[in-house]
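Below, read A as the first sequence line, B as the second, and so on, with proteins coming before strands; counting in each chain starts at 1. What you see is a predicted model; the values in this text were computed from it and never measured.
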Number of protein chains: 2
Amino acid sequence: MLSIGKLGQAAGVKVPTIRYYEQIGLLPPPDRSAGNQRLYPRAALERLSFIRHARELGFPLEAIRDLLSLSDRPDHPCEAVDDIARAQLEATRARIARLRALEAELERMLAQCASGRVSDCRVIESLGNHALCTHHVEAV
Amino acid sequence: MLSIGKLGQAAGVKVPTIRYYEQIGLLPPPDRSAGNQRLYPRAALERLSFIRHARELGFPLEAIRDLLSLSDRPDHPCEAVDDIARAQLEATRARIARLRALEAELERMLAQCASGRVSDCRVIESLGNHALCTHHVEAV
DNA sequence: TTAATCTCTATAGCAACTAGAGCTTCAAGA
DNA sequence: TCTTGAAGCTCTAGTTGCTATAGAGATTAA
């Protein structure tokens with residue numbers, strides 16, 4: 001059995017985060033020692049590692065909740081799993097596209113600025129006047 | 001003079017957001033009508049548009065606060081402005097790089113999945129076993 | 001005048017944690 | 001066995017950038 005600290009270290013997740021995951025029902029409440037400290041079985045490490053990895057890949061906790069409940073049903077078809085992953089891929093691509101537009105806009109602003117006085121600054125000017133934008137970015 | 005609703009419409013910012021900006025000191029508190037409603041001068045529209053555009057470009061509010069106070073000093077050199085914009089560009093590029101690694105990982109997971117049973121699902125397997133990763137992504 | 005719309009304040013909520021206060025338990029060394 | 005320091009406990013509040021809601025008052029158009 002693992003203490004919460006050992007579990008956190010093994011999975012690369014901070015202790016308060018583990019307690020938070022328990023609080024929101026992503027990890028089942030483990031048994032406690034005589035002194036009321038959490039004691040985790042090996043299986044908890046697998047589950048927590050799964051969560052951590054999915055978080056690293058940008059899956060929101062709600063998606064992870066779904067993935068976990070799907071992974072508990074090994075005989076079911078895995079279409080739902082793929083759907084969640086595809087949605088995450090789509091979201092990732094959309095974020096990349098937006099960020100690239102931002103990158104281009106920032107580069108343009110900086111390239112035009114001669115670094116003189118604030119009154120001549122193209123960065124300030126560009127920010128104040130949306131019409132100067134080349135890319136017209138929508139919401140970030 | 002503009003009501004808060006007109007101002008919001010003109011700048012493309014929601015009314016509660018304007019009040020929020022005032023609350024955190026990003027917009028100065030305007031004069032009020034006899035009935036205690038906010039009345040904005042034209043200048044407020046410029047300032048709010050500036051904020052909105054900077055937000056669209058991903059600048060955090062704290063950076064925008066700095067940009068605004070710099071833009072109020074037209075005679076100063078604009079290096080500090082450029083620094084903030086460059087920092088934002090760097091942050092944007094870093095996010096793009098991370099997201100591209102995520103994209104590749106998600107694509108790989110999905111490509112390997114034959115869409116059969118959950119028990120054979122490569123997506124689930126990849127999430128559970130970090131060692132299967134090609135890219136070993138660090139924190140998102 | 002009346003109805004519709006707008007605005008006011010204040011509070012609470014979102015994601016996904018993080019930090020801190022104030023306490024208890026545990027493990028290891030003297 | 002005692003002591004000390006690390007690790008654990010619960011609870012609350014803070015982070016960012018808003019958004020939503022409630023219940024009241026102000027303004028405007030017909």
Side-chain angles (χ1 to χ4, degrees), chain A residues 1-27 29-40 44 48 50-68 87-88 91-92 95 98 102 138-140, chain B residues 1-27 29-40 44 48 50-68 87-88 91-92 95 98 102 138-140:
Chain A
M1 298 294 259
L2 299 164
S3 71
I4 194 169
K6 301 286 180 196
L7 174 69
Q9 226 169 359
V13 174
K14 288 180 187 149
V15 168
T17 304
I18 297 174
R19 287 195 278 249
Y20 169 72
Y21 287 162
E22 178 182 327
Q23 188 191 312
I24 64 170
L26 214 55
L27 286 176
D31 292 338
R32 301 291 183 114
S33 71
N36 198 35
Q37 302 195 350
R38 290 171 178 83
L39 288 179
Y40 292 92
L48 185 53
F50 183 100
I51 295 172
R52 184 203 164 192
H53 194 189
R55 284 295 300 132
E56 280 174 349
L57 289 169
F59 286 87
L61 289 181
E62 276 318 296
I64 295 172
R65 197 188 293 277
D66 292 343
L67 287 170
L68 281 169
Q88 181 57 26
T92 303
R95 288 172 69 194
R98 276 202 314 262
L102 300 186
E138 291 302 318
V140 189
Chain B
M1 300 294 260
L2 300 164
S3 71
I4 194 170
K6 302 285 181 196
L7 175 67
Q9 224 168 0
V13 174
K14 288 180 187 150
V15 167
T17 305
I18 297 173
R19 287 195 279 250
Y20 169 72
Y21 288 163
E22 179 182 328
Q23 187 192 313
I24 64 170
L26 215 56
L27 286 176
D31 293 337
R32 301 290 184 115
S33 72
N36 197 36
Q37 301 194 351
R38 290 169 178 83
L39 287 179
Y40 292 92
L48 185 54
F50 183 100
I51 296 171
R52 185 206 163 188
H53 194 190
R55 283 297 298 133
E56 280 174 350
L57 289 169
F59 286 87
L61 290 180
E62 277 317 297
I64 295 173
R65 196 189 295 275
D66 293 343
L67 287 171
L68 282 169
Q88 181 58 25
T92 304
R95 288 173 68 195
R98 276 202 315 262
L102 300 187
E138 291 301 319
V140 189

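B:Tyr40 pairs in a side chain to side chain contact (heavy atoms under 4.5 Å, CB included) with only one of the listed residues (B:Leu48, B:Leu7, B:Asp31), which is B:Leu7.
In terms of phosphate contacts, B:Arg55 brings no side-chain nitrogen or oxygen within less than 4.0 Å of OP1 or OP2 of D:dT16. Distances shorter than 4.0 Å separate none of the side-chain N or O atoms of A:Lys14 from OP1 or OP2 on C:dC17. Of the side-chain N and O atoms in A:Ser3, one or more sit less than 4.0 angstrom from OP1 or OP2 of D:dG8. Between A:Arg19 and the phosphate of D:dT10, there is no side-chain N or O to OP1/OP2 separation shorter than 4.0 Å. Taking side-chain N and O atoms only, B:Arg38 has no distance below 4.0 Å to OP1 or OP2 of C:dC6.
Ranking D:dT10, C:dT9, C:dA16 by closeness to the A:Pro60 side chain, first place goes to C:dA16.
Taking atom CD1 of B:Ile64 as the reference point, atom C1' of D:dT16 lies 12 Å away to the nearest angstrom. The interatomic distance linking B:Leu2 (CG) with C:dT7 (P) rounds to 11 Å, in whole Å. Between the C1' atom of D:dC18 and the CG atom of B:Leu61 lies a distance of 9 Å, rounded to the nearest Å. The separation between B:Leu26 atom CG and D:dT16 atom P is 13 Å, rounded to whole Å. Taking atom CD of B:Gln37 as the reference point, atom C1' of D:dG25 lies 8 Å away to the nearest angstrom. For the pair A:Arg32 CZ and C:dT24 P, the computed distance is 16 Å after rounding to whole Å. When rounded to the nearest whole Å, the span between CG of B:Leu39 and P of D:dT27 equals 9 Å. Taking atom OH of B:Tyr21 as the reference point, atom C1' of D:dG17 lies 7 Å away to the nearest angstrom.
Projected onto DNA chain C by closest heavy-atom contact, A:Thr17 and B:Val15 fall at different nucleotides, the more 5' of which corresponds to B:Val15. Between A:Gln23 and A:Gly35, the residue anchored closer to the 5' end of DNA chain D is A:Gly35, taking for each the nucleotide with the nearest heavy atom.
For the side chain to side chain donor-acceptor pair (under 3.5 Å) condition, the pairs that include at least one residue of residues 8-22 of chain A, sequence neighbours left out, are A:Glu22-A:Arg38.
Side-chain atoms of A:Arg52 and A:Arg55, non-hydrogen and from C-beta on, never get closer than 4.5 Å to each other. Residues B:Ile51 and B:Leu27 meet the side-chain proximity criterion, which asks for heavy atoms closer than 4.5 Å.
Residues B:Pro60 and B:Gln88 come closest through the heavy atom pair CD-OE1, 3.6 Å.
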